[in-house]
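Read the structure below first, then the notes.
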Amino acid sequence: MSKTVPFSKVEGLGNDFVVVDLRPGRAAFEAKELLQTPQVVRDVCDRHFGVGADGILAILPGVEGDARMRVLNADGSEAEMCGNGIRCVAKVLFEDDADLRKPVIRIDTGAGLLECAVDANDQQVATVAVQMGRPRLTRAEIPMGGEPGDVAVRTRMSISDNDFVFTAVSMGNPHVVIFVDDPAVDLRQLATTFGPRIENAPLFPKRTNVEFARVRGSEIDLVVWERGCGITLACGTGACATVVAAYLEGRLPGNKETPVHLLGGTLYINVDTGSEPSEGDASRRPVGVRMRGPARRVFTADLAIASVTK
């Protein structure tokens, strides 16, 4: 295909995406099938021969919401949900579609219908707050092996003769959260070394994202090994899962906005426990999670698909 199609390069704390509006009537609509094929996704996301991105975010017609987001990882696989990605999609929808220039945009995702509250000035979105829904905690919901109805909190596993204690959370996509208390341990080195091994462990039939985190007072430092991408500068669902895990393990209270410091910047996560602020309690399931953070459009351009496909 030689025709060019418009796209936006958008990032949330360095987690960067090629965003394409593939809804009927949009300029990229005729490329909707091609732009969602694994090989084209890999070629477009290639940082040397393509545009370069952690993934493609395809904007499609809504089912229940104003639009639907499909998340295609840089390796061509599909993710159910992307927290940084949904903020980027909300920004593009608000700024480019006059019919959706409203305070709250509703976006269908693989994790369900999510509401995105935009903070805009002169029709330019600076930050987006997303109601991420109820975290899923059972092994069947993650998904992971073991008794389907069990919750994996402070669970042990051995990877390459190294023992880890983790809590598993799904925010529509699977996460394994490992807290590291020793301040001398390099979180990024841990994620680089063990992230891919945990991602592909037989315990997780759909693979998993992996978080290495450290609680500092009322804040969290976090490095994420993202399924299908590797080390990323930020991961919205990973930040949400980590604060949920901190609550379940009794490390932080609920109903309080927690700053989560990732390699690319800070997200603010609030775990709703359905009552007054309380200490963490694994028996008390959170009823919702709210994520707040920035989205920035880097540039818009036309993509000549034939020039990047190999």
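As the structure is a prediction and not an experimental result, all values here were calculated from the model.
- In the hydrophobic clustering of ILVMFWY residues, with side-chain heavy atoms under 4.5 Å counting as a link, Leu114 and Val169 come out together.
- Expressed to the nearest 0.5 Å, how far CG of Asp302 lies from OG1 of Thr4 amounts to 4.5 Å.
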What donor-acceptor contacts under 3.5 angstrom involve side-chain atoms of residues 58-69, with partners at least two apart or in another chain?
from  : atom 1 : to     : atom 2 : distance (Å)
Asp66 : OD1    : Lys102 : NZ     : 2.9
Asp66 : OD2    : Lys102 : NZ     : 3.2
Asp66 : OD2    : Arg106 : N      : 2.8

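- When the ring-ring contact (aromatic ring centres under 6.0 Å, His included) test is applied to Phe204, no partner is found at least two apart in sequence or on another chain.
- Using a 4.5 Å heavy-atom threshold, the side chains of Pro253 and Tyr247 count as separate.
- Taken together through direct or relayed side-chain contacts under 4.5 Å among Ile, Leu, Val, Met, Phe, Trp and Tyr, Leu100 and Ile107 form part of one hydrophobic cluster.
- Asn162 places a side-chain N or O within 3.5 Å of a backbone atom of Ser160 that can act as its donor or acceptor partner.
- Residues in residues 155-178 take part in no salt bridge (charged side-chain N to carboxylate O under 4.0 Å, His left out) pair, two or more places apart or across chains.
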Quiz item: After noting the C-alpha distance and the side-chain angles of Val223 and Leu190, does the key distance pass the side chain to side chain contact (heavy atoms under 4.5 Å, CB included) rule?
Solution: CA-CA 9 Å; Val223 177; Leu190 276 177; over 6 Å; no
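- Between the side chain of Gln36 and the backbone N or O of Lys32, at least one donor-acceptor pair lies under 3.5 Å.
- A donor-acceptor contact shorter than 3.5 Å links the side chain of Asp16 to the backbone of Asp54.
- Side-chain N or O atoms of Asn73 include none that pairs as donor or acceptor with a backbone N or O of Gly55 at under 3.5 Å.
- A side-chain donor from one of Asp43 and Gln39 sits under 3.5 Å from a side-chain acceptor of the other.
- Between the side chain of Asp97 and the main chain of Leu93, no donor-acceptor pair closer than 3.5 Å is present.
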Exercise. Check the pair Thr37 / Val40 against side chain to side chain contact (heavy atoms under 4.5 Å, CB included), numbers first and verdict last.
Key: CA-CA 6 Å; Thr37 59; Val40 171; 3.2 Å; yes
Donor-acceptor pairs are to be reported for all side-chain atoms of residues 132-153 against protein atoms at under 3.5 Å, with residues two or more places apart or in another chain.
from   : atom 1 : to     : atom 2 : distance (Å)
Arg134 : NH2    : Glu141 : OE2    : 3.3
Arg136 : NH1    : Arg134 : O      : 3.3
Arg136 : NH2    : Ala111 : O      : 3.2
Thr138 : OG1    : Glu141 : N      : 3.3
Thr138 : OG1    : Glu141 : OE1    : 3.0
Arg139 : NH1    : Gly145 : O      : 2.6
Glu141 : OE1    : Leu137 : N      : 3.1
Glu141 : OE1    : Thr138 : N      : 3.1

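- A donor-acceptor distance shorter than 3.5 angstrom exists from the side chain of Asn209 to the backbone of Pro174, with no hydrogens or angles considered.
- Counted by atom type alone, Gln189 and Thr193 present one or more donor-acceptor pairs between their side chains at under 3.5 Å.
- For the residue pair Thr273 and Asn255, a side-chain donor N or O sits within less than 3.5 Å of a side-chain acceptor on the partner.
- Remark: Arg214 does not engage Asp182 in a salt bridge, criterion side-chain N to carboxylate O under 4.0 Å.
- Phe179 and Phe194 sit in two unconnected hydrophobic clusters of ILVMFWY residues. Membership requires side-chain heavy atoms under 4.5 Å apart, directly or through other members.
- With sequence neighbours left out, Glu199 forms a side-chain hydrogen bond (donor to acceptor under 3.5 Å, both in side chains) with Arg207, Trp225.
- Listed by first and then second residue, the side chain to side chain donor-acceptor pair (under 3.5 Å) pairs that reach into residues 169-180 are Asn173-His175, Asn173-Thr237, His175-Glu211, His175-Thr237, sequence neighbours excluded.
- A salt bridge is defined here as a Lys NZ or Arg NE, NH1 or NH2 lying under 4.0 Å from an Asp or Glu carboxylate O, and Arg23 with Asp21 meets this definition.
- One side chain, Asp75 or Ser77, offers a donor N or O that lies under 3.5 Å from an acceptor on the other.
- Looking at Ile231 and Val224, their side chains never come closer than 4.5 Å, going by heavy atoms from C-beta outward.
- Just one of Glu95, Lys9, Gln124, Glu11 meets the side chain to side chain contact (heavy atoms under 4.5 Å, CB included) condition when paired with Arg297; it is Glu95.
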